[in-house]
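Only one structure is covered here, and it is reproduced in the block below.
Every heavy atom of this structure was used, including side-chain atoms; hydrogens, water molecules and symmetry mates were not. By convention in this document, chain letters (A, B, ...) are assigned in the order of the sequence lines, proteins followed by strands, and residues within each chain are numbered from 1.
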There are 2 protein chains.
Amino acid sequence: MTETAHRTARVSTPPAAETGIERLYSSELANETEFLAARARSVGSRRANEELAALDLKVRSYSVLSLVCSGLNPSQRELAEFLFLDPSQIVALVDQLEKRGAVKRKADPRDRRSNIITPTAAGKRLYAEAAAIVQAAGDHALSALSPAERDQLRDLLRRVAFADQQG
Amino acid sequence: MTETAHRTARVSTPPAAETGIERLYSSELANETEFLAARARSVGSRRANEELAALDLKVRSYSVLSLVCSGLNPSQRELAEFLFLDPSQIVALVDQLEKRGAVKRKADPRDRRSNIITPTAAGKRLYAEAAAIVQAAGDHALSALSPAERDQLRDLLRRVAFADQQG
DNA sequence: TATTGTTATACTCTATAACTATA
DNA sequence: TATAGTTATAGAGTATAACAATA
């Protein structure tokens, strides 16, 4: 992202390749890590959203359902912090999942202000279906990479994603 | 602008395993590449947006400005396709940049339906300032990685981001 | 007839503040 | 006084369709 930007400098003057946008691949923007991460995520989440629509879910609600089904008994506050979402958005997401009988709110006995979210049996089944869909979509999005490269990418991303917490 | 207000409560709290959300790192979701990409991008673009606000820009408008200043003379249609944005959104973004004198529209002599967007001198100066900010924000976001690892991450992301075009 | 840019519109997502009940 | 959840609302972002000019 730094001095490496002009390592992949422009491929001479554009031959005005008519309608193709491939020529923009050589732009500086197309070599910025953040732009690439945004585009990669966009490619993946678009497909995931399309597939999840069959279960009336989106990546957002799937993420909540996944954490609720993790066995870690998250509170709404924890869901908000972990997903970088405002608590008020969690309310809406949990409302949706609760309305369809996938999750339940229950007061934390140790702090009755806190709602612990747990899955129902139907919620667990829904998650199993959704997880398979998301995994398939992810495999498709990463089909350009070998298994080893996928592991590599995931590990690098994890270190960036949690850099502030892990120091 | 104070979007992190709800997230600033953990400043002086000791690493107590009770209230922390670190326990959610072990969830399945935290090991999904797509989730990690979304979170990594969120970390980076939040900072970039905060810094770019000093220039009255956002990552969205910066991306347009960057492509316009690349010397590749993109049309609005090309900007839309490359940035995964609707053409109508490009209209608004180019309007903003044109209104502040950073870019100009000019009809493509070979197809007068098409608007070729070019930077003004002021636009080039604005881009130079913005690029430095974005680069600094990117370096900060990737500070957990070594230079070699950053290259590795960028190359892996590029292959994923352009997998459909490159085959 | 198809495409580029444009406008208008509706919908979703996100941010913010105020309120309650607990602590 | 502070925090978890809730509600309401405004703003930003996004998607869609219709239109004029051009091909």
Examine Y62(B) together with F35(A) and report whether their ring centres are nearer than 6.0 Å. no
In whole angstrom, give the distance that lies between atom CG of L83(A) and atom P of dT14(C). 11 Å
Honestly, is R39(A) close enough over F84(B), meaning NZ or CZ under 6.0 Å from the six-membered ring centre and within 45° of the axis? yes
If you compare every side-chain N and O of R60(A) against the phosphate oxygens of dT14(C) (OP1, OP2), does one of them come in below 4.0 Å? yes
Between dA23(C), dA15(C), dT4(C), which nucleotide gets closest to the side-chain atoms of Q89(A)? dA15(C)
Can you list the steps and then say if L156(A) with L156(B) is a side-chain contact (heavy atoms from CB on, under 4.5 Å)? CA-CA 10 Å; L156(A) 290 170; L156(B) 290 170; 4.3 Å; yes
Nearest-nucleotide comparison on DNA chain D, the residue closer to the 5′ end among V91(A) and K58(B): V91(A)
dG5(C), dA23(C), dT6(D): which one has an atom nearest the side-chain heavy atoms of R77(B)? dG5(C)
Want to settle it: does P109(A) or R105(B) sit nearer the 5' end of DNA chain C, counting the closest nucleotide to each? R105(B)
Taking CD in E51(A) as the centre, count heavy atoms belonging to other residues, nucleotides or ligands within less than 6.0 Å. Is the count above 12? yes
Spacing between F84(A) atom CZ and dT14(C) atom C1', to the nearest angstrom: 15 Å
Euclidean distance, atom CZ of residue R112(B) to atom P of dA20(D) [Å, nearest integer]: 18 Å
S88(A) vs D111(A), nearer the 5' end of DNA chain D by closest nucleotide: D111(A)
Whole angstrom value for the distance that separates P of dG13(D) from CG of N49(B): 8 Å
Under 4.0 Å between a side-chain N or O of Q76(B) and OP1 or OP2 of dT6(C)? yes
In whole angstroms, the gap separating C1' of dT4(C) from CG of L85(B) amounts to 16 Å
Contact between L67(A) and L72(A) at the side-chain level, heavy atoms closer than 4.5 Å - yes or no? no
Output the rounded distance in Å from CG (N115(A)) to C1' (dT6(D)). 10 Å
Nucleotide nearest D86(A) (side chain, heavy atoms from C-beta), chosen from dT16(C), dA4(D), dG5(C): dT16(C)
Separation of dT22(D) atom C1' from R110(B) atom CZ, nearest Å, is 16 Å
Does dT3(C) have its OP1 or OP2 closer than 4.0 Å to a side-chain nitrogen or oxygen of R113(B)? no
Can you find a side chain N or O atom of S114(B) that sits less than 4.0 Å from OP1 or OP2 on dG5(C)? yes
Spacing between R46(A) atom CZ and dT14(D) atom C1', to the nearest angstrom: 11 Å
